[in-house]
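All values derive from a computational prediction rather than experimental measurement. Quick note: numbers below take in every heavy atom, side chains included, and nothing from hydrogens, waters or symmetry partners.
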Amino acid sequence: MLVILSAWISVFPTILMAPAKHMWTLATSQGFFITFFSLSWMFLQDFNFANPLFLIDKISGPLTILTCWLFPLTMLASQSKMRLEPIDRQRAYILNLTFLQLMTLLAFSTPDLMLFFIFFEASLVPTMIVITRWGAQERRLEAGMYLAFYTMLGAIPLMIWITKFYSTHGSLLPTLTHTLHITQTATNYPGLFWAIYNAAFLIKLPIYCLHLWLPKAHVEAPIAGSMILAGTLLKLGGYGILRTSPLLQENDLNQTLPIMLIAILGILATALLCLRQTDLKSLIAMSSVSHMNLVVAAVLISSPWSYSGAMVMMIAHGLTSSALFCLANTSYERTNSRTMILLRGMLLIFPLAGAWWLIIMLLNMGLPPSINFAGEVLIMLSLLNWSPIAFLIVALNLIFTTAYTLYVLWATQRGPLPDHIKTLFPFQIREHLLLSLHILPGLILILNPELIL
């Protein structure tokens, strides 16, 4: 772990001193170097690595690897637009993204409750800078404000809970896993208590009703911002909920029923909202909310199967939604528009890109035998065990997801080419490499899903 941390930190001097010509190449290659090192946790140590500084187990391990994996991919995706900017701004951009991914990595791998909270909140600052400085539209400041206010308001109850814990036990040093065995505080309203101290995580995921910052942030963010937001920052919320889930006792599910109902409503409502979107990035953001609400429902059921389903779902969603944002970005770079009606007929010009769209949309839909499908099946079976009625309601989501998947494919790929498009530069090898590296881990995990279960 220390090797990987030093490799991350060495990115900073490399970028500061690298000549302009080789800066992006060095950043990307260093990112891949870190990624291949991080894979050693999976194969050599089987996600069983703990000391006073770091904790890599079955929950944090896959998410740390996902964070390391997405870093070089964000470098690959950002190059075409960012190369046009002055060199100092390019350096600032890469350093900012490196800092953001480092904070996320440390949040996933710290065993200490207070440090987790600090890193969880520290990731907000570079995210805001990326959105408000490098966003494309004039509403990017509004998106940054939404993100900041939602995150900070959710963090207050979490901080009070951590402070209370500190005053009771005199220390925040026990690892997150030990913490939970000694904080089973007696309360008259366990469901409300759970919802309040998890508010920060529920906003980060985000649960329906607290999700309004996400479409704004995604639409305004540059490509790297969208990829990191969908790929790893939303997973911070899921990770926090999974870590604190042992506080939910068997009989607490009746207490947390309102949250479960909101999550089920969110799964269906956001999938239906996808059918009304005209903006491609907004649609992908809405589908993220739908998938993340499934994770909330799974954690609330709190059975081994539902935990496995939530974990698989988070990894699968991190890869597919990031790939979808990359695809949306390839269209945006060529047409300067995210409106789907203006992107139609792409299949005629980019047949290979049409194949990428089809594959990634089918993965997002949860087509067997993808890991997205495995995650959904595990969550659905847990729901069926808990309540057959809830299962039938959530099963409608499969129809709605299929509907908006077809809608996206029809709107962007089929139909006549718009008159205003005269020339489009062809797909580059960099973009094909980027998309194949998003799909590759998913394909490997189809063959060996135990790696993340």
Completion exercise
Sequence neighbours excluded, the answer for side-chain hydrogen bond (donor to acceptor under 3.5 Å, both in side chains) partners of Asn96 is none
Practice task
Would you mind reporting whether Ile399 and Leu396 have side-chain heavy atoms less than 4.5 Å apart?
Solution key: yes
Handout entry: Verdict with supporting geometry, Phe37 and Phe33, ring pair (Phe, Tyr, Trp, His ring centres under 6.0 Å)
Key = CA-CA 6 Å; Phe37 250 100; Phe33 172 74; 5.0 Å; yes
Pair up each side-chain donor or acceptor in residues 142-149 with any protein partner under 3.5 Å, not counting sequence neighbours, and list the distances.
from, atom 1, to, atom 2, distance (Å)
Glu142, OE1, Arg139, NE, 3.1
Glu142, OE1, Arg139, NH2, 3.3
Glu142, OE2, Arg139, NH2, 3.2
Glu142, OE2, Lys216, NZ, 3.1

Under 3.5 Å, which donor-acceptor pairs link side chains of residues 346-375 to any protein atom two or more places apart or in another chain?
from, atom 1, to, atom 2, distance (Å)
Trp356, NE1, His432, ND1, 2.9
Ser370, OG, Leu367, O, 2.6
Ser370, OG, Phe373, N, 3.4
Asn372, ND2, Thr320, OG1, 3.4
Asn372, ND2, Leu363, O, 3.0

Handout entry: Contact check, side chains of Leu417 and Arg344, non-hydrogen atoms, under 4.5 Å
Key = no
Problem - All pairs passing salt bridge (Lys or Arg N to Asp or Glu O under 4.0 Å) where residues 424-440 contributes a residue, at least two apart - result: Arg334-Glu431
Exercise for the section: Return the set of residues passing side-chain hydrogen bond (donor to acceptor under 3.5 Å, both in side chains) with His22 (not counting sequence neighbours), or none when no residue passes. Expected result: none
Completion exercise
Scanning both residues in full, the closest heavy-atom pair of Trp213 with Pro206 reads NE1-CB, 3.9 Å
Problem - Distance in Å, Met82 CE paired with Met75 CE, rounded so as to fall on 0.5 Å steps - result: 9.5 Å
Handout entry: Listed partners of Thr401 passing side-chain hydrogen bond (donor to acceptor under 3.5 Å, both in side chains), at least two apart
Key = Asn397
Completion exercise
Taken to the nearest 0.5 Å, the spacing of Tyr208 OH from Leu202 CG works out to 15.5 Å
Table please: side-chain donor-acceptor pairs of residues 225-236 below 3.5 Å, with sequence neighbours left out.
from, atom 1, to, atom 2, distance (Å)
Ser226, OG, His218, O, 3.2
Ser226, OG, Lys281, NZ, 3.2
Thr232, OG1, Ile228, O, 3.1
Lys235, NZ, Ala230, O, 2.7
Lys235, NZ, His317, ND1, 2.9

Practice task
Verify ring pair (Phe, Tyr, Trp, His ring centres under 6.0 Å) between Phe201 and Tyr239, making sure each step is shown before the conclusion.
Solution key: CA-CA 8 Å; Phe201 305 137; Tyr239 174 71; 8.6 Å; no
Fill in the blank from the handout: CG (Leu280) and OG1 (Thr278) are apart, to the nearest 0.5 Å, by 10.0 Å
Problem - Qualifying residues under side-chain hydrogen bond (donor to acceptor under 3.5 Å, both in side chains), relative to Ser109, sequence neighbours excluded - result: none
Handout entry: Close side-chain approach of Lys81 and Asn329, heavy atoms under 4.5 Å
Key = no
Exercise for the section: Please determine which of Leu70, Leu73, Thr35 meets the side-chain contact (heavy atoms from CB on, under 4.5 Å) test together with Leu437. Expected result: Leu73
Practice task
Can you measure from CD1 (Ile452) to NZ (Lys58) and round to the nearest 0.5 angstrom?
Solution key: 10.0 Å
Practice task
Using atom types as modelled and distance alone, determine if a side-chain donor or acceptor of Ser287 lies under 3.5 Å from a backbone N or O of Ile284.
Solution key: yes
Exercise for the section: Could you grab the distance from atom OG1 of Thr64 to atom CG of Asp57, nearest 0.5 Å is fine? Expected result: 9.0 Å
Practice task
Flag the pair Leu76 / Trp24 as yes when at least one side-chain heavy-atom distance between them is below 4.5 Å, and no otherwise.
Solution key: no
Taking only distance into account, with no hydrogens and no angle test, what donor-acceptor pairs under 3.5 Å do side-chain atoms of residues 191-200 form with protein atoms, sequence neighbours excluded?
from, atom 1, to, atom 2, distance (Å)
Asn198, OD1, Thr244, OG1, 3.1
Asn198, ND2, Trp194, O, 3.3

Handout entry: Main-chain N/O of Met286 paired to Ser290 side chain as donor or acceptor, under 3.5 Å
Key = no
Practice task
Could you tell me whether a side-chain N or O of Ser60 sits under 3.5 Å from a main-chain N or O of Leu55, the two making a donor and an acceptor?
Solution key: yes
Practice task
Not counting sequence neighbours, list each pair that qualifies as a ring pair (Phe, Tyr, Trp, His ring centres under 6.0 Å) and has a residue in residues 76-97.
Solution key: Tyr93-Trp134
Fill in the blank from the handout: When rounded to the nearest 0.5 Å, the distance separating CG of Leu300 from CG of Leu257 is 9.5 Å
Exercise for the section: Please list all pairs passing the side chain to side chain donor-acceptor pair (under 3.5 Å) test where one or both residues lie in residues 412-421, with sequence neighbours left out. Expected result: none
Handout entry: Whether Ser282 side chain and Asp279 backbone form a donor-acceptor pair below 3.5 Å
Key = no
Practice task
For residues 83-110, pull every pair meeting salt bridge (Lys or Arg N to Asp or Glu O under 4.0 Å), keeping only residues two or more places apart or in separate chains.
Solution key: none
